[in-house]
Amino acid sequence: MQKIKSENDLQDAIDKEHSWRLKEIHDLKSLVKTKKNQNSIETNVFSKSLVLISYSHWEGFVKNAARYYLSYIQFISLNKSQLSNRLVASFVFQLTLSNKNRSEKIASIMEGIADPSYKFSINIDELVDAESNLTSGILEKILSNIGIQTNAFKTKSQYIDSVILKFRNDYAHGGFEYINADQAIEISEKVLELMSLFKTEIENSLCLKKYHI
C-alpha cells in the first residue's frame, strides 16, 4: 500500500482506487446490457460475473479507501489530545486486542487514556478487518474503527446483506443458479452508488478534519 503523506496524496489515492473499479464495472455492465436479450449461456455467465466483480470492487474499494485514510492519520501522527473521541476510543480498544498479557494491556490502556501526549500505534489491517466479507455489520465496524459516524448506510443494510452478499456468496461457493441480467445490472448500479457514498464519507471527513478535535 502506498504511503499517504498529505491530504492531496489521500485524495489522489482514493480517486484512482475508485476510477479503475468504476470503469471495470461499467465495462462489464455494458457488455451484459448488449447480451441480455439473447437468453443464452453466455448472457448468464456474464451476468453472474457482473455480480461477482461488482461485489469484489465494493469490498476492495471500502477496505483500501479506509486503509488510505488510516495511513494518512498514521502519518500526521496526532497525539491523543488532538484526535477525535471516536478515534481515541477505537485506538484504545485496539490496545485490548494486542498480544500483551493482561497487566501490560492495562498499563498501555491507562497510559493511552491518561497521557494527553500519548501517540497510538495503529494496526491498519486489524482496524479494517481485512479477512472478513463486507457485510453491513463489517461495514459499520470499519466506519466506527476509522472514526466516522454516519447513518448513510442504515437504509441500505438489508440490500447489502440479502442481495449483494447473498448472490456473491452463492456464486463464490460454486452455486449453479444463474441471475437475471436485469437484476445483475441493478446490483452493479447499487454497488456503484454504495462506492460513491463511501467515497463521499471519507472525503467529507478529510475536508472537515473529523479525525481532529
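Below, all heavy atoms of this structure are taken into account, side chains as well, without hydrogens, waters or symmetry copies. Sequence positions, counted from 1, serve as the residue numbers for this chain.
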- Note on the structure: Smallest heavy-atom separation, Leu52 atom then Ala172 atom, equals CD2-N, 4.0 Å
- State whether Tyr171 and Lys48 meet the cation-pi test: NZ (Lys) or CZ (Arg) under 6.0 Å from the six-membered ring centroid, and within 45° of the perpendicular axis. yes
- Rounded distance [0.5 Å steps], CD1 in Ile179 versus OG in Ser49: 11.5 Å
- Tyr69 and Ile76: same hydrophobic cluster, using ILVMFWY side-chain contacts below 4.5 Å? yes
- Query: Just wondering, do Ile106 and Met110 contact through their side chains at under 4.5 Å, heavy atoms?
  - Reply: yes
- Task: Nearest 0.5 Å please: distance from the CG atom of Asn133 over to the CD1 atom of Ile164.
- Result: 12.5 Å
- What closest approach, in Å, do Arg21 and Asn64 show between heavy atoms, and which atom pair accounts for it? NH2-ND2, 3.4 Å
N/O donor-acceptor pairs under 3.5 Å from side chains in residues 184-196, not counting sequence neighbours:
| unit_1 | atom_1 | unit_2 | atom_2 | d |
| --- | --- | --- | --- | --- |
| Glu186 | OE2 | Tyr159 | OH | 3.0 |
| Ser188 | OG | Ile185 | O | 2.7 |

- Task: Let me see the working for Val51 and Lys166 under side-chain contact (heavy atoms from CB on, under 4.5 Å), right down to the final yes or no.
- Result: CA-CA 10 Å; Val51 172; Lys166 177 188 178 298; over 6 Å; no
- Query: Considering residues, nucleotides and ligands other than Lys141, do more than 12 of their heavy atoms fall under 6.0 Å from its NZ?
  - Reply: no
- Please name the pair of heavy atoms, one in Lys105 and one in Ser98, separated by the smallest distance, quoted to 0.1 Å. CE-O, 3.0 Å
- Message: A side-chain contact here means heavy atoms from C-beta on lying under 4.5 Å apart; do Ile148 and Lys210 qualify?
- Response: no
- Query: Which of these passes side-chain contact (heavy atoms from CB on, under 4.5 Å) with Leu165: Leu134, Thr135, Asp170?
  - Reply: Thr135
- Count the heavy atoms belonging to other residues, nucleotides or ligands that lie under 6.0 Å from CD of Gln149, then report whether that count exceeds 12. no
- Query: Looking only at heavy atoms, which two atoms of Leu197 and Ala152 are closest? And how far apart?
  - Reply: CD2-O, 3.6 Å
- Message: Measuring from atom CD of Glu24 to atom CG of Leu22, what distance do you get when rounded to the nearest 0.5 angstrom?
- Response: 10.5 Å
- Exercise: identify the closest heavy-atom pair between Leu87 and Asn145: CD2-O, 3.9 Å
- Task: To the nearest 0.5 angstrom, please state how far the CD1 atom of Ile4 sits from the CZ atom of Phe75.
- Result: 10.5 Å
- Of all the heavy-atom pairs spanning Leu95 and Ser108, show the shortest one and how long it is. CD1-O, 3.7 Å
- Message: Could you tell me if the side chain of Ile53 sits less than 4.5 Å from the side chain of Ser56, heavy atoms only?
- Response: yes
- Using 30° and 60° as the class limits, which term best fits the ring planes of Trp20 and His57: parallel, tilted or perpendicular? perpendicular
- Ignoring hydrogens and geometry, is there a side-chain-to-backbone donor-acceptor pair from Gln183 to Asn180 under 3.5 Å? no
- Message: Could you tell me if the side chain of Asn44 sits less than 4.5 Å from the side chain of Ser47, heavy atoms only?
- Response: no
- Is the number of heavy atoms from other residues, nucleotides or ligands within 6.0 Å of CD (Glu7) greater than 12? yes
- Task: Determine whether the side chains of Ser117 and Asp115 contain a donor N or O and an acceptor N or O closer than 3.5 Å.
- Result: yes
- Aromatic ring pairing Phe198/Trp58, orientation class (parallel under 30°, perpendicular over 60°, tilted between): perpendicular
- Message: Distance alone, cut at 3.5 Å: any donor-acceptor contact between the side chains of Asn8 and Ser6?
- Response: no
- Are Leu97 and Phe91 connected, step by step, through hydrophobic side chains (Ile, Leu, Val, Met, Phe, Trp, Tyr) whose heavy atoms are closer than 4.5 Å? no
- Item | Shared hydrophobic cluster for Phe93 and Val128 (ILVMFWY, side-chain gaps under 4.5 Å) | no
- Query: Measuring from Ile73:CD1 to Ser84:OG, what's the distance to the nearest 0.5 Å?
  - Reply: 7.5 Å
- Message: Between Tyr211 and Ile213, is there shared hydrophobic-cluster membership here, with clusters defined by ILVMFWY side-chain heavy atoms closer than 4.5 Å?
- Response: no
- With a 4.5 Å limit on heavy-atom distance, are the side chains of Lys199 and Asp15 in contact? yes
- Report the C-alpha separation of Ile146 and Ile202 in whole Å, then their side-chain angles, then the decisive distance to 0.1 Å, and conclude whether the side-chain contact (heavy atoms from CB on, under 4.5 Å) test is met. CA-CA 10 Å; Ile146 66 176; Ile202 294 280; 3.8 Å; yes
- On the 0 to 90° scale, with breaks at 30° and 60°, tag the Phe120-Tyr118 ring pair as parallel, tilted or perpendicular. perpendicular
- Can you list the other members of the hydrophobic cluster that holds Tyr178, where links are side-chain heavy atoms under 4.5 angstrom apart? Ile41, Val45
- Only one of Leu139, Ile138, Leu143 clears side-chain contact (heavy atoms from CB on, under 4.5 Å) with Val62; which? Leu139
- Given Ser77 and Lys119, is the side-chain contact (heavy atoms from CB on, under 4.5 Å) satisfied, shown in steps? CA-CA 7 Å; Ser77 191; Lys119 292 189 176 181; 3.4 Å; yes
- After noting the C-alpha distance and the side-chain angles of Ile160 and Ser157, does the key distance pass the side-chain contact (heavy atoms from CB on, under 4.5 Å) rule? CA-CA 5 Å; Ile160 290 170; Ser157 297; 5.5 Å; no
